[in-house]
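First the structure, in the form of structure tokens, and then the observations on it.
Order of the sequence lines sets the chain letters (A, B, ...), proteins ahead of strands, with each chain counted from 1.
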There are 2 protein chains.
Amino acid sequence: MNIGDAARASGVSAKMIRYYEQSGLIPKAGRTAGGYRDYSANDVHMLRFVRRARDLGFSIVEIEELLQLWRDRSRQSADVKRIALARIADLRRRIHAMEEMAATLQHLASSCSGDHRPDCPILADLEQGEVAKPRRTRGAIDEAPQ
Amino acid sequence: MNIGDAARASGVSAKMIRYYEQSGLIPKAGRTAGGYRDYSANDVHMLRFVRRARDLGFSIVEIEELLQLWRDRSRQSADVKRIALARIADLRRRIHAMEEMAATLQHLASSCSGDHRPDCPILADLEQGEVAKPRRTRGAIDEAPQ
DNA sequence: GGTGGGGCTTCCAGCCGTGGGAAGGTCAAG
DNA sequence: CTTGACCTTCCCACGGCTGGAAGCCCCACC
């Protein structure tokens, strides 16, 4: 099975499959006589695993861990659960930060007349807003693929 | 005022100030005889504006717009409000997507015994998680901005 | 037996926002 | 004048991809 077929079957683009292989996330695929990468149904299975994990927002590093646990028949479910719980905690933190942003903006927007006049409390806030340091939250998974 | 002082006064790192200047977000700073960038209190004001906006999650492009509006005395508050509302909508979409991820993971984690045994519903889900055939980018959080 | 096209290969470059660091110039205090 | 804190430019890296170019390879069709 060529990389294109594997891509279609797994939902991971051919580009990404090569990238994952090159970065060591997945093992190097076998090659045909012509030098093409060759994939088995099992490989597709693994690619789907990766895709599903990315859809759930796991980072590449976390997926690396999950893949190892997946392959390890003697793994303990606690190890997997630990990663999942950490991911949940991370999500909750990001959600909370984003909710605060939305609330602040909502407050500003609702006190803004939104008409033709130049007065605007939103700009007024930006102008002098005292700034705590809510670390960047626009990274990682919430940044949709372009 | 040197870049370091401006950085401390605005909360934007010197690195970022240079980056913002280089990428055209903020105007080029004047230079001293020795080639150092020179900042006024007004420049610091602008940098704080940028920082506050980034903390509220506005993208660089949005901040560019906001800065123009900020400088434009004849701007209409509706223009600013439009950007703020778009940002709120974007935040809400992201929050929703992340809540779904968290809920799914929570469900999986709570059905995982998390002990020494190898059985794990989290891996079981990843293993066969529904991968939609149509190449939708990334499930719930697709619809990439920009 | 040719040929055209699509798929495959590699490599290189970029996105955003940020931090790190090297090599060298500038400044103010001692 | 020396020291050392600061500044300058430049390049590299991250994550997580995406795109493009140049060049093989393979298969169907004539």
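- Ionic pairing of B/R94 and B/E99 is not present here: no N-O contact between side-chain nitrogen and carboxylate oxygen is shorter than 4.0 angstrom.
- Between A/F49 and A/W70, the ring planes are parallel. Angles under 30° get that label, and only those over 60° would be called perpendicular.
- Between the CD1 atom of B/I63 and the P atom of C/dT18 there is a distance of 9 Å, rounded to whole Å.
- Nearest nucleotide to the B/R37 side chain, out of D/dC7, C/dC16, D/dT9: D/dT9.
- Contact check on B/D55 versus B/R52 returns no salt bridge, with no Lys/Arg side-chain nitrogen under 4.0 Å from an Asp/Glu carboxylate oxygen.
- Between A/D5 and A/R8, at least one side-chain N (NZ, or NE/NH1/NH2) sits under 4.0 Å from a carboxylate O, which counts as a salt bridge.
- Nucleotide D/dC17 holds its P atom 10 Å from the CG atom of A/D55, rounded to whole Å.
- Atom CE of residue A/M16 and atom CD1 of residue A/I26 lie 9.0 Å apart, to the nearest 0.5 angstrom.
- If A/T32 and A/V61 are placed on DNA chain D by their nearest nucleotide, the residue sitting closer to the 5' end is A/V61.
- As a whole-Å value, the separation of B/E21 CD from C/dT18 C1' is 17 Å.
- Spacing between atom CG of B/N2 and atom C1' of D/dA5 amounts to 11 Å, rounded to whole angstrom units.
- Atom-to-atom, OH of A/Y36 to P of C/dC8 comes out at 7 Å; the value is rounded to the nearest Å.
- Atom P of nucleotide D/dC10 and atom CZ of B/R18 are separated by 12 Å, given to the nearest angstrom.
- Set against D/dC17, D/dC7, C/dG17, the side chain of B/I3 has D/dC7 as its closest nucleotide.
- For B/R54, a side-chain nitrogen or oxygen approaches OP1 or OP2 of C/dG17 to under 4.0 Å.
- Side-chain N/O atoms of B/Y20 include one lying less than 4.0 angstrom from OP1 or OP2 on C/dT18.
- In this structure, A/Q22 atom CD and D/dG15 atom P are separated by 12 Å, rounded to whole Å.
- At D/dT9, one or more side-chain N or O atoms of B/R31 fall inside 4.0 Å of OP1 or OP2 (strictly under the cut-off).
- Straight-line distance from the NZ atom of A/K15 to the P atom of C/dT9: 11 Å, rounded to whole Å.
- Using a 4.0 Å heavy-atom cutoff across all strands shown, B/S13 reaches sugar-phosphate atoms only and no base atom.
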